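Here the structure comes first, spelled out in structure tokens, and everything after it is commentary.
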Amino acid sequence: AQSVTQLDSHVSVSEGTPVLLRCNYSSSYSPSLFWYVQHPNKGLQLLLKYTSAATLVKGINGFEAEFKKSETSFHLTKPSAHMSDAAEYFCVVSDYKLSFGAGTTVTVRA
Amino acid sequence: DGGITQSPKYLFRKEGQNVTLSCEQNLNHDAMYWYRQDPGQGLRLIYYSQIVNDFQKGDIAEGYSVSREKKESFPLTVTSAQKNPTAFYLCASKGQGRAGAYNEQFFGPGTRLTVL
């Protein structure tokens with residue numbers, strides 16, 4: 001069985017400061033891991049994915065995530081937050097179907 | 001322009017009525033999925049289909065039905081048996097690659113269903 005735990009339900013940052021969204025996973029197999037972003041009343045957009053290549057994955061809009069097998073973590077980071085980063089973020093683990101975390105809501109203060 | 005479309009964007013239903021949500025994709029993807037999203041709960045899988053004329057129940061299939069008569073279409077019917085249908089519904093599709101399980105899913109814009 002696979003599952004995902006997003007450790008923070010809500011993160012608030014000031015514009016221009018770093019963002020860290022934490023994700024731990026469990027999986028019986030070598031997992032594929034994804035981060036998706038959802039803006040209000042919209043569908044989900046893929047930010048980045050890990051598929052057993054490089055452990056540091058770069059995504060769109062300046063986001064990156066590091067896969068750490070020993071810690072079963074896949075935390076998402078961005079060096080400098082922008083107002084447009086305010087959204088909900090989902091960490092996802094996959095075999096034949098996706099298992100979603102509960103989501104982390106990011107607010108960005110001016 | 002390839003993508004996934006869902007219609008309508010907003011849908012209102014009276015209690016006891018069935019309603020069908022549309023999902024169409026022109027990405028030539030084999031697999032399609034329906035999710036339900038409730039606040040604070042992430043996404044939960046309702047049904048999925050790996051190939052035309054075949055589909056499987058997900059984690060919360062009770063009160064829902066689907067069909068997959070065409071590769072590009074995967075409509076979801078919310079029946080009167082679904083006790084709490086008010087939610088945001090998302091459709092997704094996934095292509096098959098050399099390692100199909102590692103391909104990401106592409107999501108439609110969603111349909112917000114409200115039961116009056």
Side-chain angles (χ1 to χ4, degrees), chain A residues 1-11 21 23-25 27-54 57 59-60 63 65 67 74 87-106, chain B residues 3-11 21 23 25 27 30-51 55-61 87-114:
Chain A
Q2 59 184 24
S3 67
V4 175
T5 302
Q6 291 184 241
L7 299 172
D8 308 290
S9 59
H10 186 238
V11 169
L21 306 183
C23 173
N24 287 349
Y25 70 91
S27 175
S28 302
Y29 307 99
S30 295
S32 288
L33 294 159
F34 308 86
W35 276 99
Y36 283 87
V37 60
Q38 183 182 33
H39 290 90
N41 293 310
K42 301 289 186 184
L44 275 68
Q45 180 185 18
L46 181 71
L47 278 178
L48 48 82
K49 65 179 179 180
Y50 167 77
T51 56
S52 74
V57 181
I60 62 171
F63 285 94
F67 173 73
F74 191 55
E88 189 157 20
Y89 293 79
F90 293 96
C91 182
V92 182
V93 63
S94 170
D95 47 35
Y96 67 93
K97 65 175 185 177
L98 301 186
S99 293
F100 286 79
T104 298
T105 300
V106 173
Chain B
I4 301 176
T5 57
Q6 291 185 244
S7 60
K9 186 170 184 176
Y10 297 98
L11 187 58
L21 282 59
C23 177
Q25 54 99 359
L27 300 168
D30 288 313
M32 297 186 73
Y33 305 79
W34 272 106
Y35 295 91
R36 170 184 172 134
Q37 185 177 24
D38 296 283
Q41 295 192 42
L43 277 68
R44 293 181 289 169
L45 182 65
I46 304 172
Y47 267 97
Y48 65 101
S49 169
Q50 304 273 51
I51 197 168
F55 48 82
Q56 286 78 41
K57 293 181 179 180
D59 301 319
I60 55 164
F88 190 50
Y89 290 87
L90 287 159
C91 179
S93 69
K94 183 170 73 112
Q96 298 298 321
R98 289 178 296 150
Y102 298 93
N103 290 342
E104 67 270 25
Q105 292 185 9
F106 291 83
F107 285 82
T111 293
R112 185 164 296 281
L113 173 64
T114 303

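Just so you know, these numbers use all the heavy atoms, side chains as well, and skip hydrogens, waters and symmetry mates. Quick note on labels: first sequence line is chain A, next is B, and so on, each numbered from 1. Bear in mind that the values here come from a model prediction, so they are computed numbers and not experimental data.
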Legend entry - Contact check, side chains of C91(A) and Y25(A), non-hydrogen atoms, under 4.5 Å: no
Inset, instruction - Heavy-atom distances under 4.5 Å only: say whether L44(A) touches chain B with side chain, backbone, both or neither. - result: both
Legend entry - Heavy-atom donor-acceptor pair, Q105(B) side chain to A31(B) backbone, under 3.5 Å: no
Legend entry - L21(A) vs D8(A) side-chain heavy atoms within contact, under 4.5 Å: no
Inset, instruction - Under 4.5 Å heavy-atom distance to chain A, tell me which part of Q6(B) shows up: side chain, backbone, both or neither. - result: neither
Legend entry - Proximity breakdown for Q45(A) and chain B, heavy-atom pairs closer than 4.5 Å: neither
Legend entry - Name of the residue among L45(B), I46(B), L43(B) meeting side-chain contact (heavy atoms from CB on, under 4.5 Å) with Y33(B): L45(B)
